[in-house]
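Chain identifiers are assigned alphabetically (A, B, ...) following the order of the sequence lines, protein sequences preceding nucleic acid strands; residue numbering begins at 1 within each chain. Every value quoted in this text rests on a predicted model; they were computed, and no experiment measured them.
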Amino acid sequence: MVDADDSHLVTERRQKAARYRSAGKEPYPWDFPGRVPTSEVRAACQGLSNGAADEARTLKVAGRLKIVRQHGKSAFLDLEDRSGAIQLFARVDELGEEGYADLLSVLDPGDIIGATGHPLVTRRGEPSVRVDSVVLLAKAIAPPPEKFHGLQDPEERLRRRYVDLLSSRESLARFTARTLLVRELRAYLDGLDFLEVETATIVPVASGAAAQPFVTHSNYLNAELQLRIALELALKRLLVGGMERVYEVGRCFRNEDLDTTHSPEFSMLELYWAYADYSDMRRLVEGMFARLAEVAAKALPDLPAAREAPELFRPPFATVDYVGELEKRSGIADLLGRSREELRELARTVGATVPDDSPKGKFMDKLFEHYVEPHLIRPTFVLDFPADTTPLAKRHRSRPGLVERFELFARGYELGNAYTELNDPDEQEARFKEQLSGRGEDHYALDTDFIEALRYGMPPATGYGGGIERLVMALCGVSSIKDVILFPPVRARSPKA
RNA sequence: GGGCCCGUAGCUCAGUCGGUAGAGCAGGCGGCUCUUAACCGCAAGGUCAGGGGUUCGAAUCCCCUCGGGCCCGCCA
């Protein structure tokens with residue numbers, strides 16, 4: 001499959017390149033100046049009636065040759081670039097008997113070519129370029145996937161993403177959309193006077209979440225280092241330092257399994273906003289998603305789920321109370337009044353297998369995941385969580401045992417998480433230690449320097465964090481995280497492959 | 001970690017009571033000057049993921065390995 005070197009198709013393509021070369025032409029030339037996007041050709045064809053060419057105008061286009069339809073002494077070649085596709089019309093009349101024959105004998109689907117010619121609308125009404133010359137810009141030695149179905153094998157689509165992209169407009173558009181969404185996200189936050197920062201990815205102790213870190217080694221420090229699992233503690237240090245409004249979009253790494261909504265390597269957005277609380281953050285996040293939904297719809301007009309995003313993400317989003325919603329959906333009364341043993345048994349009934357000594361909130365989370373989460377299709381803010389599973393959030397100003405926290409859900413999964421940030425250093429230290437005493441120390445590391453930072457005074461603030469991949473998935477209606485990560489983690493091919 | 005499923009030509013896919021491995025696309029040769037997955041004809045293209053076993057005979061049945069998919073569990 002990959003070992004294309006043995007295929008006669010490769011041999012034939014090499015021979016074509018060699019033939020081209022022996023005719024004094026370069027199959028891999030250095031440039032092709034003056035090309036315009038194919039969209040410009042379509043625009044140039046706007047005023048032309050069927051069968052008419054604009055002889056006064058000469059255009060150059062470049063891109064990948066997708067399909068050749070030969071008719072003896074004329075041929076149609078479909079050329080594709082980032083802006084779309086355009087049909088080339090090549091005839092003996094313009095190219096000459098010899099030139100025409102030489103050209104077609106050297107071209108294959110998949111080749112990168114450049115064409116020079118005149119805008120033409122065919123008798124059938126197709127915008128085209130009637131070419132005076134076509135040159136190879138890069139001979140493709142490997143054959144592209146089948147022209148109609150493209151690359152279907154999910155494994156190959158991940159391992160050779162370039163083939164997926166070059167053969168699937170849909171895939172190219174989806175990944176382009178991801179970039180446009182992140183660009184717009186930055187524009188939104190920049191417009192609100194947030195500062196984008198970059199913090200360390202390689203750190204002495206990964207903290208800010210409870211995931212298993214990747215471990216590495218520094219030759220310089222001669223010490224074990226870890227890859228960050230969250231941005232939170234670094235960004236809050238910046239609030240201490242006076243940056244007031246900061247955000248980061250960056251890779252985080254969690255040494256855990258992957259599924260449709262988790263990947264070991266993923267991008268996170270986190271933002272921190274001084275002198276604001278989680279209610280302010282709700283409005284900000286709502287506005288952000290509403291604005292991004294417009295971008296998604298525009299970027300992926302052919303994808304129904306993306307087209308419907310602006311409607312789905314139209315503010316105001318639904319708001320529900322964490323405990324209240326869970327009690328309502330599960331039919332379980334007085335959750336906060338239940339003992340840990342009762343909650344553990346309830347969690348068991350929904351198939352959860354968490355350690356017996358987990359905090360009560362952990363069992364409630366399992367119930368929430370089972371009874372509530374799958375039903376949260378429309379964007380919904382879930383408010384006010386048990387304190388024992390949220391050590392970085394400030395206790396609720398009026399509801400004992402809870403913290404000021406919301407999570408945003410849509411399409412049945414979590415999109416983001418926000419708190420009114422805990423800024424009391426002594427309480428923070430106590431909460432950390434409480435967390436540590438309960439369970440798996442190897443899952444949680446005490447960042448003493450962070451507590452030290454809080455001692456210098458962090459303004460009251462709110463923070464939000466959410467995965468970029470899930471954001472893209474939700475806005476574009478993509479169901480697997482691998483479809484929004486260009487190069488997801490894959491196993492090395494076995495040596496034999 | 002558990003369960004189920006998948007791996008056949010460069011690509012997309014057929015092919016189970018076990019009996020010489022098929023099609024379409026792409027590629028080759030020939031024909032065709034307005035096609036749209038162009039069309040028509042001819043010829044070619046295979047370590048059936050890899051290894052082992054059962055059998056007179058294995059793509060097909062069994063076991064192992066590799067890779068992948070889906071579901072569940074785990075991941076505050």
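Out of B/rU12, B/rC75, B/rA76, the shortest distance to the side chain of A/Arg405 is found at B/rA76. Checked against B/rG10, B/rA76, B/rU36, the side chain of A/Ala209 finds its nearest nucleotide in B/rA76. The A/Arg491 side chain lies nearest to B/rG67 when the options are B/rG67, B/rC75, B/rU36. Counting only heavy atoms from C-beta on, A/Glu126 has its side chain closest to B/rU36 among B/rU36, B/rG67, B/rC75. In this structure, the nucleotide among B/rA76, B/rG45, B/rA37 sitting nearest to the side chain of A/His8 is B/rG45. Across B/rA76, B/rA37, B/rC74, the shortest atom-to-atom separation from the side chain of A/Ile67 is found for B/rA37.
Atom CZ of A/Arg399 sits in a crowded spot, with more than 12 heavy atoms from other residues, nucleotides or ligands closer than 6.0 Å. Under a cut-off of 6.0 angstrom, the local environment of CD1 in A/Ile202 is sparse, with at most 12 non-hydrogen atoms contributed by other residues, nucleotides or ligands.
For A/Glu156 and B/rA49, the CD to P distance is 14 Å, given to the nearest whole Å. Remark: P of B/rG69 and NZ of A/Lys482 are 3 Å apart, rounded to the nearest angstrom. Rounded to whole Å, the distance from CG on A/Leu166 to P on B/rG10 is 18 Å.
Here A/Asp259 lies in heavy-atom contact (under 4.0 Å) with a base. Counting any heavy atom pair closer than 4.0 Å across all strands shown, A/Ala75 reaches no nucleic acid atom. Here A/Lys66 lies out of heavy-atom contact (under 4.0 Å) with every strand. Counting any heavy atom pair closer than 4.0 Å across all strands shown, A/Phe385 reaches no nucleic acid atom. The residue A/Gly110 sits apart from the nucleic acid: no heavy atom pair falls under 4.0 Å.
A/Ile332 is listed as a side-chain neighbour of A/Arg338, based on a closest heavy-atom distance under 4.5 Å. You'll find the side chain of A/Cys45 stays beyond 4.5 Å of the side chain of A/Ser128, heavy atoms only.
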Using distance only, find each side-chain donor-acceptor pair of residues 105-121 of chain A under 3.5 Å and give its atom names and separation, not counting sequence neighbours.
from: A/Ser105; atom 1: OG; to: A/Ala101; atom 2: O; distance (Å): 3.4
from: A/Ser105; atom 1: OG; to: A/Asp102; atom 2: O; distance (Å): 2.8
from: A/Asp108; atom 1: OD1; to: A/Lys16; atom 2: NZ; distance (Å): 2.6
from: A/Asp108; atom 1: OD2; to: A/Lys16; atom 2: NZ; distance (Å): 3.1
from: A/Asp108; atom 1: OD2; to: A/Lys139; atom 2: NZ; distance (Å): 2.7
from: A/Asp111; atom 1: OD1; to: A/Lys139; atom 2: NZ; distance (Å): 3.4
from: A/Asp111; atom 1: OD1; to: A/Ala140; atom 2: N; distance (Å): 3.0
from: A/Asp111; atom 1: OD2; to: A/Asp108; atom 2: N; distance (Å): 2.8
from: A/Asp111; atom 1: OD2; to: A/Lys139; atom 2: NZ; distance (Å): 2.8
from: A/His118; atom 1: ND1; to: A/Glu55; atom 2: O; distance (Å): 3.4
from: A/His118; atom 1: ND1; to: A/Arg57; atom 2: O; distance (Å): 2.8
from: A/His118; atom 1: NE2; to: A/Asp132; atom 2: OD2; distance (Å): 3.2

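You won't find any donor-acceptor pair under 3.5 Å spanning the side chain of A/Asp153 and the base of B/rU12, going by distance alone.
Residue order along RNA chain B, read from the 5' end via each residue's closest nucleotide, puts A/Arg13 first among A/Arg254 and A/Arg13.
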